[in-house]
Structure formats: C-alpha cells, structure tokens
Amino acid sequence: MLAVLTHTFRELYRERIMYNVFFLSLFLIFVGYLASLLVFGHQDRVMLHFGTTVVSVSILAVSMAAGSRLLRSEIEQRNIYLFLSRPISRPKYFVGKALGIAIFALANLFILTAVLIAAIYFVDGPFKPVLFQWFGLTWMESLMVLGLSLALSF
C-alpha cells in the first residue's frame, strides 16, 4: 500500500494540472494583495479573507480533480495492472491511492498557507491563531470532497 501511495504522490507531482492550480492560486493571492491596497485601514483583513478563500478553492479543486480522474487515468495508462498483478488487494490499492491524493493536497495546503501567512505579514497584519482552525477545517473539507469524488469515480 505504501508503494501505491508514493506512486500516486509522484504522479500528481509531475502533472501539469496541479502546477496550474498552484500558480493560479498564487496569482489570486497576489490579486488579493492588490485589492487590500485599495482598502483604507484594514488591509490585513482583506488579505486574510481573500487569501483563505483562494487557498480553500484551490485545495478543493486539487482534491476533486485528482479524485475524479483516478480510476480512468490508471486504466488508460495501464498502471493499475502492474499493481493488481502483485499480491495486493483492491481495497488496499484504492486506500493507497486516496492517501496519496490526500497527502498531496496536504502538502499543497501547507505551501499555500505559508504563502498566505507571508502575504499577511507583508501587509503588516498580525498573525491570527484562527488560521490553525481554518487549516484544519479546510483539510477536513478537502478529505470529504476527495471521498465524494472517489465514490463517484468508482
């Protein structure tokens, strides 16, 4: 199952779609920074709200896109036959795939949250502990979307 997990993580890392979502979200965080410059007085709040929305949508897009095309791309590329020819059960294969996507989404969430914290710091905003709560809730939300997209792809 660990081999399936690492293969899934590497495969998602190499895909261009995930890079496009990542760089699009970085661009939108920059747009949030520009929007916060237009506000008089509460630039950190605008950056916080705009940035958390952008990062949440980005993580949900990654979870939904990766989960929905999981089985179809594996069958088209014939990677599924390599793993299923070994003595691994099908539930372990699918759990490994789901964990690989979940870890990839978590890594993406960590990176985008670090960029968001740097952007908030750049507009002289204080660090808010509510970001930890938002991080956990966004992670749980992405896991639920991933589970739903995997269930619909099967």
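FYI, the numbering just counts along the sequence from 1.
- Not a single ring-ring contact (aromatic ring centres under 6.0 Å, His included) links Tyr121 to another residue, sequence neighbours left out.
- Residues Met64 and Leu106 do not share a hydrophobic cluster, defined by chaining ILVMFWY side chains whose heavy atoms lie under 4.5 Å apart.
- By the ring-ring contact (aromatic ring centres under 6.0 Å, His included) test, Phe40 is found to be paired with no residue, residues two or more places apart in sequence or in another chain being considered.
- The two residues Met47 and Ile120 make their nearest non-hydrogen contact at CG-CG1, 4.0 Å.
- Residues satisfying the ring-ring contact (aromatic ring centres under 6.0 Å, His included) test with Phe27, not counting sequence neighbours, are none.
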Under 3.5 Å, which donor-acceptor pairs do the side chains of residues 136-147 form with other protein atoms, sequence neighbours left out?
unit_1	atom_1	unit_2	atom_2	d
Thr138	OG1	Trp134	O	2.8
Thr138	OG1	Trp134	NE1	3.1
Ser142	OG	Trp139	O	2.8

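- A distance of 6.0 Å separates NZ in Lys128 from CZ in Arg45, rounded to the nearest 0.5 Å.
- Phe50 is linked by a ring-ring contact (aromatic ring centres under 6.0 Å, His included) to nothing, counting only residues two or more places apart in sequence or in another chain.
- With sequence neighbours excluded, the residues forming a side chain to side chain contact (heavy atoms under 4.5 Å, CB included) with Leu148 are Leu152, listed by chain and number.
- Summarising the geometry, atom CZ belonging to Phe135 is positioned 8.5 Å from atom CD1 belonging to Ile59; distances are rounded to the nearest 0.5 Å.
- Counting Ile, Leu, Val, Met, Phe, Trp and Tyr side chains that sit under 4.5 Å apart, directly or through other members, Val39 shares a hydrophobic cluster with Val46.
- The two residues Ala105 and Ser63 have their closest heavy-atom pair at CB-OG, 3.9 Å.
- The hydrophobic cluster containing Leu28 also contains Ile117, counting ILVMFWY residues as joined when their side-chain heavy atoms lie under 4.5 angstrom apart, directly or transitively.
- The heavy-atom pair separating Phe9 from Gly100 by the smallest distance is CD1-O, 4.1 Å.
- In the hydrophobic clustering of this structure, Leu38 does not group with Phe30; members are Ile, Leu, Val, Met, Phe, Trp, Tyr whose side-chain heavy atoms approach within less than 4.5 Å, directly or through other members.
- Checking side-chain atoms of Thr6 against main-chain N and O of Leu2 turns up a donor-acceptor pair under 3.5 Å.
- Val130 belongs to no multi-residue hydrophobic cluster, having no ILVMFWY side-chain contact under 4.5 Å with any other such residue.
- The side chain to side chain contact (heavy atoms under 4.5 Å, CB included) test applied to Leu99 returns Leu5, Val95, not counting sequence neighbours.
- Side-chain contact between Leu131 and Thr113: absent, with no pair of heavy atoms (C-beta onward) separated by less than 4.5 Å.
- For the pair Phe104 and Val62, the minimum side-chain heavy-atom distance is below 4.5 Å.
- Remark: Ser58 OG to Leu112 CG distance equals 5.0 Å, nearest 0.5 Å.
- Looking at residues two or more places apart in sequence or on another chain, you find a side chain to side chain contact (heavy atoms under 4.5 Å, CB included) between Ile111 and Phe22.
- Applying the side chain to side chain contact (heavy atoms under 4.5 Å, CB included) rule to Phe122 yields the partners Tyr33; only residues at least two apart in sequence or on another chain are considered.
- No more than 12 heavy atoms of other residues, nucleotides or ligands lie within 6.0 Å of CZ in Phe132, so this atom counts as exposed by the packing criterion.
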Residue pair Val31, Val54: steps toward the side-chain contact (heavy atoms from CB on, under 4.5 Å) verdict: CA-CA 10 Å; Val31 169; Val54 166; over 6 Å; no
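- By the criterion of side-chain heavy atoms lying less than 4.5 angstrom apart, applied directly or through intervening Ile, Leu, Val, Met, Phe, Trp or Tyr residues, Phe110 is grouped together with Leu24 in one hydrophobic cluster.
- The cluster map of Ile, Leu, Val, Met, Phe, Trp and Tyr, joined by side-chain heavy atoms under 4.5 Å apart, puts Leu60 and Leu109 in different clusters.
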